Visitor: 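Pasting in a structure now, in structure tokens, and then I'll have a few things to ask.
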Amino acid sequence: MAEYECLNLRAEVGSRRGAKRLVLDGVSFEVGAGEFVSIMGRSGVGKTTLLRVLAGLHEPSADSPTSDCMVRFSDEAVAGPPEGVSLVFQDYTSSLLPWRSVARNVELPLEGRLSKADRQVRVTEALEMVGLADRHDAQPFELSGGMQQRVQLARALASRPAALLMDEPFGALDALTKADLEDQLLEIFTATGTTVVFVTHDIEEAVYLSDRVLVLDGSPAKIVAEIPVESPRPRTQMHTRESPEFLRARHRVHEVIFGTE
Amino acid sequence: MTQDRASDIAPSTRLYERIRLDSLTGLLPLVLLLSVWQLIGDPESPFFPAPSSWWPALFTLGQGDKIIPAILDTVRTFGLGLLGATILGVALGLSIGVSRTFGRAVGPTFEFARALPPAAIVPVATLLLGFDETMKIVVVVLAALWPILLNTSSGVQELNPVLLDTARSLRLSTTRTLFGVLLPSVMPAIVLGVRVATPIALVITLLVEYLTAVNGVGALVGEAQRTFQPARVYALIAIAGLLSLVVNSGVRFVENAVQRRRVGDQ
Amino acid sequence: MLVLVAIAGIWEVLVRFSIADVQFLPAPSEIAAAAQGEIFGGELVGRLIHTVGVTALGWGIASVIGVGLGLLLGLSPTAYRYSMTSFEVTRAIPPITFVPAALLIFGFSLKMELVLVIYGGIWPVLINTIGGVRSIAPELRDVGTMLRLSTPETIRKIVLPAAMPSVVVGLRLGLSLCLVLAVVAEMVGNPEGLGNGLIRARQALQPALMFVYVIAAGLLGVALNAGLRATARAFLPGNALKDVFAS
């Protein structure tokens with residue numbers, strides 16, 4: 001069963017001067033329910049644009065009326081942010097509300113939807129999932145980068161989304177923190193069965209986390225390769241990264257992105 | 001990093017953006033307002049004379065030859081006042097920035113002096129100094145001083161201490177440290193302060209002139225008001241507005257030039 | 001503080017012994033005596049209340065208009081495109097020059113004073129609100145969109161708090177401008193308040209009394225600023241305050 005369907009997607013990005021540039025053209029893929037898919041590619045290729053289209057933040061462009069360009073989430077065309085989708089931004093400093101405490105940040109998506117008591121339950125649950133239950137009342141600026149990103153993850157999880165979209169969420173973190181958060185994400189992924197679409201430019205990370213890695217390339221970009229990762233779950237930093245399945249997939253992604261030497 | 005900053009403040013693109021059609025469409029409400037005013041306004045109205053009657057009102061009763069000298073008077077007071085405020089502000093700002101003791105000692109005094117509404121200084125100044133150019137300039141300096149002083153002192157305090165240590169370890173003389181190291185490094189802060197002080201200096205110049213009737217555009221507006229010539233009042237308001245636009249874009253141009261030179265250096 | 005006392009002391013000595021014989025310069029002791037008389041038997045308190053009242057009322061109205069208009073111009077690119085230049089041009093006209101026009105239109109009245117105070121107070125709030133709203137990080141706007149917040153919800157939960165430090169800067173600048181305009185209006189038009197007291201003392205050639213009013217106006221400025229600072233401190237997170245009161 002496909003959660004996300006993308007067919008012949010075209011997307012343009014306007015530059016500062018108003019000129020538009022075609023970034024994505026003919027992008028087609030599906031993401032199954034409960035699947036973990038990474039989208040990779042060189043910087044500037046249009047990964048973030050693609051994710052923003054999936055999130056309903058960026059409208060795909062259908063400039064010819066006969067175009068069959070289409071984006072669907074659980075059988076509904078995406079027009080604006082769909083119910084049941086959460087997005088985690090790379091830049092946690094500007095996506096957390098600095099005037100709200102950790103708990104009040106996580107509570108934000110629930111306000112006006114749930115009763116106060118239910119909200120408390122969800123907030124506690126989400127903060128426990130990311131291991132921040134004890135930082136309930138902290139202010140975001142008091143936390144380290146890794147912790148702030150956990151808060152953002154908790155906020156995304158609080159609404160119990162069917163799909164989690166993540167835009168290079170660990171790109172700004174140091175290697176150790178990053179490994180920690182990757183494992184935590186995998187735990188959450190297994191525990192909740194959420195579908196994850198994960199944008200990254202780190203090959204190791206993409207392969208370690210995903211069931212499938214999609215590679216975007218070209219200008220305008222399309223999906224040039226789709227590499228399945230057969231390493232069994234649960235995965236662990238030490239063992240998975242040494243397993244033949246991991247190494248094979250990593251090799252393949254490398255080949256697609258850099259060409260064979 | 002450097003490149004980001006350079007592109008952020010690149011004056012050419014900013015200028016380019018400023019004169020794009022966008023900014024002309026933004027004039028629409030003002031043009032509409034003035035047109036409606038013109039259509040329904042009566043040239044003889046004691047409150048809202050039609051805009052077309054403003055310009056001629058400048059020249060009625062042989063008052064035309066007062067305009068240019070008044071503008072020159074205002075510009076001179078403004079210029080000398082801003083110059084005085086810059087010199088005094090930079091000197092005091094540097095002293096406060098360099099010496100904590102001095103800063104703490106004069107802090108409360110300055111805090112109070114800064115909060116004084118400049119209008120309140122005017123009667124005192126006229127009493128002590130009389131109705132003349134010096135009095136005008138003193139009031140302008142006292143009002144326009146603060147942004148320059150504050151920007152300079154915080155500019156010094158935010159300097160990387162390594163810079164002053166470098167000067168010390170190179171055993172530069174005090175003068176050399178001051179003019180070769182300190183002043184150039186806080187220049188952007190000073191320029192920013194001067195930019196903020198510029199409209200203040202102009203407003204206070206007009207205010208003093210209006211309150212004391214000592215020369216300048218401000219005095220002319222007051223005279224026009226006391227002799228009930230509304231069209232002339234509006235015409236002079238428009239002149240004051242133009243003057244302020246010219247002065248402010250001039251200062252912004254200088255600020256851009258200073259920043260461009262610094263970006264070029266790096 | 002010590003320096004203030006020292007200045008007053010030196011000033012007293014200079015005037016008392018006629019070392020610095022500036023005409024009309026009262027000694028601090030004379031000013032203190034005049035202040036005592038004016039506070040307990042004179043008009044100072046009533047005039048102070050008038051000026052504070054007009055300043056606060058005008059500032060309040062100006063702030064509501066400024067924030068409202070600023071939100072509109074900050075959030076709607078269309079509104080911005082079709083009016084911002086008009087605001088820029090109008091703002092360039094020093095508000096002081098509107099005093100004569102206001103006098104012609106409204107006469108020597110409280111209305112005149114209030115209109116001037118409101119007009120002057122709108123600008124800093126308006127400009128800073130627009131700036132604050134337009135500089136909100138795009139990510140923060142996306143957060144609102146992702147959570148499918150309604151427009152009022154987005155304004156209340158995201159836009160206003162994010163723009164708040166900048167708005168408070170505008171409120172603070174607006175407050176001092178309102179006080180200045182109130183005093184000017186009282187000096188030339190509405191015959192009440194501190195500004196009028198100052199002019200009366202000037203006309204009566206009572207320099208000591210004049211200094212009392214100047215000092216009262218200065219203290220009022222300090223007090224209003226301190227009051228606003230305390231209020232802002234209660235509502236803003238600590239790290240946002242730094243920029244607000246820096247200059």
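Order of the sequence lines sets the chain letters (A, B, ...), proteins ahead of strands, with each chain counted from 1. Quick caveat, the model's predicted, so the values are computed rather than measured.
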Visitor: Report the residues that fulfil side chain to side chain contact (heavy atoms under 4.5 Å, CB included) with C:A56, sequence neighbours left out, ordered by chain and then residue number.
Guide: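 Partners of C:A56 by the side chain to side chain contact (heavy atoms under 4.5 Å, CB included) criterion come out as none, since no residue qualifies.
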Visitor: Got more than 12 heavy atoms from elsewhere within 6.0 Å of CZ, B:F253?
Guide: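 Check fails, neighbour count at 12 or below.
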Visitor: Closest approach of C:E113 and C:A185, non-hydrogen atoms and distance?
Guide: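 Minimum heavy-atom contact is CG-CB, 3.7 Å.
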Visitor: Flag the one option from B:V196, B:L243, B:T126 with the top tally of heavy-atom pairs under 4.5 Å to chain C.
Guide: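 With the most close heavy-atom pairs to chain C, the winner is B:T126.
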Visitor: Measure B:V233 against the heavy atoms of chain C and call it side chain, backbone, both or neither at under 4.5 Å.
Guide: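 For B:V233, the side chain is the part near chain C, not the backbone.
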Visitor: Which atoms of C:I215 come close to chain B, meaning under 4.5 Å heavy atom to heavy atom: side chain ones, backbone ones, both, or neither?
Guide: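 Contact with chain B involves both backbone and side-chain atoms of C:I215.
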Visitor: Donor-acceptor pair, distance only, cut-off 3.5 Å: does the side chain of C:S86 make one with the backbone of B:L30?
Guide: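 A pair under 3.5 Å: yes.
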Visitor: Could you list all the side-chain hydrogen bond (donor to acceptor under 3.5 Å, both in side chains) pairs where at least one residue sits in residues 200-218 of chain B, not counting sequence neighbours?
Guide: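 Sorted pair list: B:T74-B:E209, B:K136-B:E209, B:Y210-B:Q225.
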Visitor: What closest approach, in Å, do B:Q157 and B:I96 show between heavy atoms, and which atom pair accounts for it?
Guide: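 Closest heavy-atom pair between B:Q157 and B:I96: NE2-O, 3.9 Å.
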Visitor: Name, in order of residue number, those residues of residues 234-242 of chain B that have a heavy atom at a distance of less than 4.5 Å from a heavy atom in chain C; otherwise write 'none'.
Guide: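 Residues of residues 234-242 of chain B touching chain C at under 4.5 Å: B:Y234, B:I237, B:A240, B:G241.
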Visitor: Strictly below 4.0 Å, N to O, side chains only: are B:E255 and B:R252 in salt-bridge contact?
Guide: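 Between B:R252 and B:E255 there is no salt bridge, as every charged N stays at least 4.0 Å from the carboxylate O atoms.
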Visitor: Counting only heavy atoms closer than 4.5 Å, note whether C:S176 contacts chain B via side chain, backbone, both or neither.
Guide: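 Contact with chain B is absent: no heavy atom of C:S176 under 4.5 Å.
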Visitor: Can you tell which part of C:M84 gets under 4.5 Å to a heavy atom of chain B, answering side chain, backbone, both or neither?
Guide: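 C:M84 touches chain B through backbone heavy atoms alone.
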Visitor: Identify each donor-acceptor pair in which a side-chain atom of residues 120-131 of chain C lies under 3.5 Å from a protein atom, sequence neighbours left out, and give them as a table.
Guide:
residue	atom	partner	partner atom	Å
C:W123	NE1	C:Y119	OH	3.4
C:N128	ND2	C:P124	O	2.8
C:T129	OG1	C:V125	O	2.6

Visitor: So which part of C:V188 gets closer than 4.5 Å to some heavy atom of chain B, the side chain, the backbone, both or neither?
Guide: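 It is the side chain, since no backbone atom gets that close.
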Visitor: For the interface with chain B, which of C:L220, C:L219, C:L179, C:L177 has the highest count of heavy-atom pairs at distances below 4.5 Å?
Guide: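 Top count of heavy-atom pairs under 4.5 Å with chain B: C:L219.
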Visitor: With a 4.5 angstrom heavy-atom cut-off, which part of C:L194 approaches chain B: side chain, backbone, both or neither?
Guide: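 For C:L194, no heavy atom lies under 4.5 Å from chain B.
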Visitor: Tell me which of these, C:G218, C:A223, C:A201, has more heavy-atom pairs under 4.5 Å with chain B than the rest.
Guide: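 The option with the most such pairs is C:G218.
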Visitor: Against chain C, work out which of B:L206, B:L245, B:L28, B:V124 has the most heavy-atom pairs shorter than 4.5 Å and name it.
Guide: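 Ranked by contacts with chain C, first place is B:V124.
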Visitor: Indicate yes or no: at least one non-hydrogen side-chain atom of C:L73 is less than 4.5 angstrom from one of C:S83.
Guide: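 Side-chain contact under 4.5 Å: yes.
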Visitor: How far apart are the closest heavy atoms of B:A143 and B:I204, and which atoms are they?
Guide: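 So the two residues come closest at CB-CG1, 3.6 Å.
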Visitor: Keeping C:T97 on the side-chain end and C:I93 on the backbone end, is there a donor-acceptor pair under 3.5 Å?
Guide: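 No, because the side chain of C:T97 does not come within donor-acceptor range (under 3.5 Å) of the backbone of C:I93.
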Visitor: Quick one: of B:P123, B:A120, B:A119, who has the most non-hydrogen atom pairs under 4.5 Å with chain C?
Guide: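 Among B:P123, B:A120, B:A119, the one with the most close pairs to chain C is B:P123.
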Visitor: State, to 0.1 Å, how close C:P95 and C:L181 come at their nearest heavy-atom pair, and which atoms those are.
Guide: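 The pair with the smallest heavy-atom distance is CB-CD1, 4.4 Å.
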Visitor: Most heavy-atom pairs under 4.5 angstrom with chain B, which of C:G221, C:A101, C:P94?
Guide: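 Result: the option with the highest number of such pairs is C:P94.
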